[in-house]
There are 2 protein chains.
Amino acid sequence: MEKEIGYMTSLIGDPVRTTILWTLLDGRAYTATELAICADTSPQNISMHLNKLVQADLLTVASQGRHKYYRFSREEVAYAIEAIGNLIPGEKHKKIINNKDNSAIKYCRTCYDHLAGKVGVLITEGLVKQKILERTDSDYLLTKRGDIFFGELKIDTYKLKMHRRAFAKPCLDWSERKHHLAGSLGAAFLDTMLSLDWLRRAKQSRVVIVTSKGQQQLYDRLRVTV
Amino acid sequence: MEKEIGYMTSLIGDPVRTTILWTLLDGRAYTATELAICADTSPQNISMHLNKLVQADLLTVASQGRHKYYRFSREEVAYAIEAIGNLIPGEKHKKIINNKDNSAIKYCRTCYDHLAGKVGVLITEGLVKQKILERTDSDYLLTKRGDIFFGELKIDTYKLKMHRRAFAKPCLDWSERKHHLAGSLGAAFLDTMLSLDWLRRAKQSRVVIVTSKGQQQLYDRLRVTV
DNA sequence: TTGACACTTCATTTTGCACTTAACTGTCAA
DNA sequence: TTGACAGTTAAGTGCAAAATGAAGTGTCAA
């Protein structure tokens, strides 16, 4: 019994496995690759960790073609992880369990050539809050702070404005019913975030995944928590 | 936030710290040395671990003379540990929280020169269940299995019976209101368990602590879980 | 049939951190 | 004052387990 509780806690204790469990707290099923991206590690490594979690009956797997979807095997697992989360001092770390509506495609995806979904909307709101963009009826306008912000990211806004294409347009999001950033600036910003490895494209899908580096950067630069 | 949950889980994940937290689940305060014995490790090491747990506000310390008493700093800690315990398959691992009645002195102590308290009673019951001893009105009788059992522990029962002192008497336990083993056999058995490091005396007190080795041996030989 | 992709397996390397050895502070009681 | 004991601190070591590299299996789609 002592042995068993020790094994259980050391299973949960590994940082990669913690990230896996914390990610799965939203109730969705994730593929091994998605979890590898979330945990910022290699496919081999995530495979090893996922195996241990399945062995211990914390997770279950469902094979679908060449993908494997992982989710909690029972709700007690979520309770335990949440109970640990409650121990962290400061603001409550709320994670909504079993929010099945919140599918990955709604959460973070591309819309033509720019970022959409909940993450796209959050980032756009962040840009406005940080006074990097200013909203008008039909457009976003770049402020002085905006020049600096995009300059730091090596995005040449001056050149973008020369294009015949619209520079920065609001685009209504079908899942969020709010606006996200489109236009040549939106496209350039998505490109930059992908090349800086803040985001990665899931294969054969419009789904985009925010890396841990991306989460950090988005928080540092825009005070956006994704 | 990701970082914090990771730190929290790795704190809980270490086997020594897990044992500490699991031990404290009974709601009692333990000294550093007692916890070192429970976790089967050195005083320096337990000191390091306890410090980390205090730093993270999982435990609080109260100094009393040269002793330091450790307990949970808030009940959420106990909930989290219990939630993890619930993940272990098989029978429920019940630990009663805040059972203040169950003080160490009631649990495992010496009575003159033999073992008393809940542990003393459990061991005595184990000896009878395993048909090592047979209870009569006023005595315990040694069976053939008993000869083997104490022989394996290098206790010379033949010599003990030669003493003028009673060989194996029941002694009523004030906390348990049940009998435990007294007499020359009870004294010899306590001596043996101490020298085999199944038990250790707490300094300056009648309290005795069961080592993890002792827990293993008592289960293997007597099917007694302490 | 072929190539791209998701995931696995195994052998090897790396590393974080628990643990040890040793020397210390502070408290108690004779 | 002294010696025994509870607990701490600091420097150095060792090892279990995570990460990596290389080579695989099985699936999909062109």
Side-chain angles (χ1 to χ4, degrees), chain A residues 3 6-21 29-56 59-71 104 200-207 209 211-212, chain B residues 3 6-21 29-56 59-71 104 200-209 212:
Chain A
K3 248 177 51 194
Y7 184 65
M8 204 72 241
T9 53
S10 67
L11 258 184
I12 297 174
D14 175 81
V16 167
R17 289 192 291 264
T18 296
T19 308
I20 293 171
L21 295 167
Y30 285 76
T31 66
T33 302
E34 286 170 341
L35 290 168
I37 292 168
C38 290
D40 207 20
T41 187
S42 67
Q44 305 97 293
N45 204 29
I46 211 79
S47 180
M48 182 265 292
H49 286 300
L50 288 170
N51 247 317
K52 291 194 178 182
L53 293 171
V54 171
Q55 289 303 314
L59 304 185
T60 48
V61 209
S63 288
Q64 228 173 86
R66 48 186 171 184
H67 296 274
K68 287 197 171 183
Y69 284 90
Y70 292 86
R71 60 168 69 250
R200 288 183 210 161
R201 285 184 191 280
K203 310 288 174 182
Q204 301 173 323
S205 138
R206 286 162 54 209
V207 171
I209 283 134
T211 64
S212 55
Chain B
K3 248 177 49 193
Y7 184 65
M8 203 71 241
T9 53
S10 67
L11 259 185
I12 297 174
D14 174 81
V16 166
R17 290 191 290 265
T18 296
T19 307
I20 292 170
L21 294 167
Y30 284 77
T31 67
T33 301
E34 285 171 341
L35 290 169
I37 292 170
C38 290
D40 208 18
T41 188
S42 67
Q44 305 94 298
N45 203 29
I46 212 78
S47 178
M48 182 265 291
H49 287 300
L50 288 170
N51 246 318
K52 292 195 178 183
L53 293 171
V54 171
Q55 289 302 315
L59 303 186
T60 48
V61 210
S63 289
Q64 230 174 83
R66 49 186 171 185
H67 296 274
K68 286 196 173 183
Y69 284 90
Y70 291 86
R71 61 169 68 247
R200 289 183 210 159
R201 286 184 191 280
K203 309 290 171 181
Q204 302 172 323
S205 135
R206 285 162 55 208
V207 170
V208 170
I209 283 137
S212 55

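Model, not experiment: these values are computed from the prediction. Below, chain A is the first sequence line, B the second, and so on; all start at residue 1.
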Nearest whole angstrom, please: distance from the P of C/dA6 to the CD1 of A/I209.
-> 10 Å
Whole angstrom is fine here: how far is it from OH in A/Y69 over to P in C/dA6?
-> 11 Å
Spacing of OG1 belonging to A/T18 relative to CE belonging to B/M8, to within rounding of 0.5 Å | 11.0 Å
B/I20 atom CD1 is separated from D/dG7 atom P, nearest whole Å, by 12 Å
Do the side chains of A/R71 and A/Y69 get nearer than 4.5 Å, heavy atoms only?
-> no
Which pair of non-hydrogen atoms, one from B/A29 and one from B/E34, has the smallest distance, and what is that distance?
-> O-OE1, 4.5 Å
Whole Å only: how far is the CD1 atom of B/I37 from the P atom of D/dG7?
-> 10 Å
Nearest listed nucleotide, side chain of B/T33, among C/dC7, D/dA6, D/dT8 = D/dA6
Which part of the nucleic acid does B/Y70 contact within heavy-atom distance under 4.0 Å: base, sugar-phosphate only, or nothing?
-> sugar-phosphate
Within this structure, what is the NE2-to-C1' distance between B/H67 and C/dG26, rounded to whole angstrom?
-> 13 Å
What distance do A/T9 atom OG1 and B/I12 atom CD1 have between them, rounded to the nearest 0.5 Å?
-> 8.5 Å
With the criterion being N/O to N/O and under 3.5 Å, what pairs connect the protein with nucleotides 23-27 of chain D, and how long is each?
| from | atom 1 | to | atom 2 | distance (Å) |
| --- | --- | --- | --- | --- |
| D/dT27 | O2 | A/R66 | NH1 | 3.4 |

Counting any heavy atom closer than 4.0 Å, what does B/T31 reach on the DNA or RNA strands: base, sugar-phosphate only, or nothing?
-> sugar-phosphate
Rounded to the nearest 0.5 angstrom, the OH-CG distance for B/Y70 and B/L21 is 13.0 Å
N/O (side chain, B/S42) to phosphate O (OP1/OP2, C/dT20) under 4.0 Å = yes
What are the two closest non-hydrogen atoms of B/S42 and B/A36, and how far apart are they?
-> O-CB, 4.2 Å
Degree of bending, the helix from C/dT1-D/dA30 to C/dA30-D/dT1 (end axes from five pairs; round to 10°) = 30°
Note: B/T31 and B/H67 closest approach over all heavy atoms is CG2-ND1, 3.9 Å
If you take all heavy atoms of B/I46 and B/A39, which pair is closest and at what distance?
-> CD1-CB, 4.0 Å
Value in whole Å for how far the P atom of C/dC7 lies from CG of A/L53 | 15 Å
For atom CD1 of A/I46 and atom P of D/dA19, their distance in whole Å = 9 Å
From A/L35 CG over to A/N45 CG, what is the distance, rounded to the nearest 0.5 angstrom?
-> 12.5 Å
To the nearest 0.5 Å, tell me how far A/L59 CG sits from A/I20 CD1.
-> 7.0 Å
Just compare C/dC7, D/dT9, C/dA18 and give me whichever is closest to any side-chain atom of B/M48.
-> C/dA18
Is the backbone N or O of B/P15 less than 3.5 Å from a side-chain atom of B/T19, with the two atoms forming a donor-acceptor pair by type?
-> yes
Out of C/dT9, D/dA19, D/dT9, whichever nucleotide has its closest atom nearest the side chain of A/N45 = D/dA19
In Å and rounded to the nearest 0.5 Å, what is the CZ to OG distance from B/R17 to A/S10?
-> 12.0 Å
Among D/dT20, D/dT8, C/dC7, the nucleotide that comes nearest once only the side chain of A/T41 is considered = D/dT20
Could I get a table of every N or O pair under 3.5 Å where one atom is in the protein and the other is in nucleotides 12-17 of chain D?
none

Atom pair distance, as rounded to whole Å: NZ in A/K68 and C1' in C/dC5 = 15 Å
